[in-house]
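Along the sequence shown, residues are numbered consecutively beginning with 1.
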Amino acid sequence: VNDSKMKFILSPFFLIILCIQKINCDEDYNNYLALSALYTSATGESWSSLDNWMNGYPCTNGWEDVTCTGTTVISVVRNAKSLAGTLPSELGTLTAMTQFFLYNNKVSGSLPSQFGLLTAMKVMSLSVQSITGSIPSELGLLSVITKMPIYNNRFSGTIPSQLGRLTASTSEFQLSQNSLTGSVPTQMGLLTKMTGYFELSYNSLTGSLPSQLGALSLMTTGYNLYVNDFCGAIPSELSSLSSTCSCMGDLTYQTGLGTACAPTLSPTMQPNVVIYTPSLRPVPLPSTAPTPSPIPAPTLTPTPPPSNTPTDVPTFNPTSPPSPLPTNQPTILPIPIPSLVPLPGPTSSPSIPPTPAPTLLPTSLPTSVPSILPTPLPTTTPSSRPTPSPTLAPSPLPTSFPSLVPTPLPTFKPSSSPSFSPTLVPTVHCESGTYYDGLVCEPCPIGYYSNLTDKPPWPSNCTICPAGKYSTVTGAALCEDCAAGKLSSEDRTYCKDCDAGEYNYNNLECVECEYGKYAPQ
């Protein structure tokens with residue numbers, strides 16, 4: 001076969017190899033972006049242990065607590081490692097991850113809806129944190145998850161009905177010790193594979209319990225509903241389950257069950273209560289103010305005292321009795337204002353009959369007070385106990401669920417290369433003898449060195465010189481060898497001789513002389 005035909009035959013294989021290398025490189029790069037985002041947003045510099053984190057790629061450089069298959073991240077376990085800060089949405093790109101453990105840390109903020117993209121997830125433990133906000137309904141997309149303990153957080157709002165889609169759950173569906181409100185969705189009855197630790201305790205859940213919870217018939221331990229604000233009768237399905245499983249305990253213990261639920265007033269039942277409020281608005285003023293005329297100065301010449309009934313003083317009695325007031329809202333008529341021109345005063349105070357003040361109430365009051373209670377009232381308290389069926393089977397479960405499309409859809413899911421913001425990748429170029437501190441390249445201190453490649457990620461620290469070598473300058477790219485017979489100091493900043501009675505072993509350590517031999521200082 002000539003060379004041209006051989007090149008034609010082999011070229012597809014080279015393309016396949018290059019393509020595989022590019023896919024692996026892209027996946028390494030995507031892993032780095034996702035986990036470096038976790039390091040940045042969860043205060044990685046304060047973690048109690050971070051072996052190899054931020055050095056190279058997670059899978060190829062073996063970041064601590066990160067398990068990979070090839071270049072695919074399948075597990076991240078960082079229990080009790082002093083994580084704080086928040087969880088980044090970039091973790092949603094690790095779609096092959098099956099385990100994610102962050103138990104007993106100090107993470108806060110909300111849980112990103114992009115966690116709904118982790119569709120391979122089987123176990124996710126986020127308990128004993130300070131995560132706030134509502135539980136994302138997108139978690140209902142984790143169709144193969146078997147355990148999801150998220151207890152002892154600060155979740156609020158209602159339990160998403162979409163969690164009823166987690167039908168692969170077998171244990172540790174733990175939402176206890178949060179601040180959840182509202183009623184328990186009937187879709188929880190779809191979790192029929194649960195055998196233990198279905199926990200909703202220590203919340204503020206209300207309303208009556210759905211009879212569908214009786215479908216969790218495989219439960220053997222940890223069916224906890226106590227310390228809530230439920231009401232109504234205990235569903236017969238749960239009563240039957242509690243008689244065969246001691247896991248439920250006393251269903252009336254601090255649950256509110258057994259107490260009547262408060263009636264809910266529908267808009268059509270609201271009474272039509274009219275509250276009479278008289279209008280106190282003044283009579284509209286003219287659009288233009290009248291021009292006041294000057295008031296003549298009064299004459300103070302005394303005059304003979306008038307009789308007891310003055311004729312010149314204006315009377316305040318109306319010429320006719322006031323008209324009956326309207327029954328809806330009365331209009332307050334202005335009272336004529338007496339002239340301000342002083343008149344000769346009487347020697348004795350005249351008897352002026354008081355003017356009856358107009359009343360602001362309607363002339364005719366209602367004969368009966370309108371009732372503020374809903375009408376008609378039920379004559380008997382409706383029973384919330386469902387009619388038990390002979391087989392105690394739960395009521396039919398809903399067959400449809402709200403849409404579980406994550407909102408908003410993340411824009412960072414990579415196809416051939418990551419598409420989210422490249423701000424997580426350093427935009428500077430560090431040279432040998434330096435390290436990247438998150439903002440700029442800094443020179444290595446004395447006793448340390450760095451020999452960098454031409455592409456990121458740049459190391460976040462320098463490497464101490466090996467034994468038998470030292471460095472006396474900052475920004476060293478290489479370390480110098482100690483002279484023969486000398487050993488580098490512990491901080492690798494100088495070389496030294498061994499103590500008396502010791503000798504230099506391969507420039508690595510000082511060893512005591514053998515019996516019968518000596519070494520002078």
Side-chain angles (χ1 to χ4, degrees), residues 135 137 140 143 145-149 151 158-178 180-264 378 380-402:
I135 299 175
S137 60
S143 57
I145 198 167
T146 59
K147 299 179 182 180
M148 191 179 70
Y151 64 89
T158 59
I159 300 175
S161 62
Q162 290 85 349
L163 297 187
R165 283 180 172 263
L166 307 183
T167 53
S169 298
T170 57
S171 65
E172 297 184 43
F173 186 88
Q174 296 169 299
L175 310 183
S176 55
Q177 294 175 275
N178 282 288
L180 300 174
T181 56
S183 58
V184 178
T186 58
Q187 288 83 355
M188 294 297 98
L190 292 171
L191 308 181
T192 55
K193 295 182 181 179
M194 290 292 300
T195 59
Y197 300 104
F198 178 82
E199 297 183 349
L200 305 179
S201 53
Y202 290 98
N203 281 290
S204 298
L205 300 172
T206 56
S208 58
L209 283 180
S211 60
Q212 287 84 352
L213 291 182
L216 278 62
S217 57
L218 300 181
M219 289 288 296
T220 59
T221 183
Y223 202 139
N224 296 326
L225 304 173
Y226 52 84
V227 191
N228 276 292
D229 298 319
F230 298 123
C231 64
I234 300 173
S236 58
E237 291 82 357
L238 282 179
S239 298
S240 300
L241 182 59
S242 63
S243 64
T244 59
C245 174
S246 60
C247 58
M248 301 190 69
D250 185 3
L251 286 176
T252 61
Y253 176 69
Q254 297 188 30
T255 61
L257 292 172
T259 60
C261 295
T264 303
T380 60
T381 302
S383 173
S384 60
R385 183 190 299 274
T387 304
S389 58
T391 60
L392 296 178
S395 304
L397 297 173
T399 58
S400 61
F401 294 89

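Distance alone, capped at 3.5 Å, places no donor-acceptor pair between the N228 side chain and the T255 backbone.
At a threshold of 4.5 Å between non-hydrogen side-chain atoms, the residues L163 and M188 count as touching. Between L190 and R165, the closest side-chain pair of non-hydrogen atoms is not below 4.5 Å. Counting only heavy atoms from C-beta outward, the side chains of T206 and T181 never approach each other to under 4.5 Å. Proximity of E199 to L175: side-chain heavy atoms (C-beta onward) are nowhere separated by under 4.5 Å. A 4.5 Å side-chain heavy-atom check between L238 and L209 finds at least one atom pair inside the cut-off. A heavy-atom distance below 4.5 Å is found between the side chains of S169 and I145. With contacts defined as side-chain heavy-atom distances shorter than 4.5 Å, the pair L180/T158 does not qualify.
Applying ring-ring contact (aromatic ring centres under 6.0 Å, His included) to F173 and the options Y151, F198, Y197, Y223 leaves one that passes, F198.
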Checklist entry - After noting the C-alpha distance and the side-chain angles of L218 and M194, does the key distance pass the side chain to side chain contact (heavy atoms under 4.5 Å, CB included) rule? => result CA-CA 6 Å; L218 300 181; M194 290 292 300; over 6 Å; no
query: How far apart are the C-alpha atoms of T192 and T167, what are their side-chain angles, what is the distance that settles it, and do they pass the side chain to side chain contact (heavy atoms under 4.5 Å, CB included) test?
result: CA-CA 7 Å; T192 55; T167 53; over 6 Å; no
Starting from the C-alpha separation in whole Å, work towards a yes-or-no answer on side chain to side chain contact (heavy atoms under 4.5 Å, CB included) for D229 and N203. CA-CA 8 Å; D229 298 319; N203 281 290; over 6 Å; no
Checklist line | Residues I159, L200; criterion side chain to side chain contact (heavy atoms under 4.5 Å, CB included); working and verdict | finding: CA-CA 10 Å; I159 300 175; L200 305 179; 4.1 Å; yes
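Closest heavy-atom contact between L257 and F230: CD2-CB, 3.7 Å. Between A215 and G189, the shortest heavy-atom contact is CB-O, 3.5 Å. Nearest heavy atoms, S137 versus P160: CA-CB, 4.0 Å. C261 and G232 get closest at one heavy-atom pair: SG-N, 3.3 Å. In this structure, M219 and G196 approach most closely via the heavy-atom pair SD-N, 3.6 Å.
For residues 168-178, every residue pair satisfying the salt bridge (charged side-chain N to carboxylate O under 4.0 Å, His left out) rule, not counting sequence neighbours, is listed here: K147-E172.
Note that CG of L213 and CD of E237 are 9.5 Å apart. Values are rounded to the nearest 0.5 Å. Note that the OG atom of S240 and the CD1 atom of I234 stand 11.5 Å from one another [nearest 0.5 Å]. Atom CG in L225 sits 11.0 Å away from atom OG in S176 (nearest 0.5 Å). Atoms OG1 and NZ, from T170 and K193 in turn, are 9.0 Å apart once rounded to the nearest 0.5 Å.
Applying the side-chain contact (heavy atoms from CB on, under 4.5 Å) rule to S143 yields no partners; only residues at least two apart in sequence or on another chain are considered.
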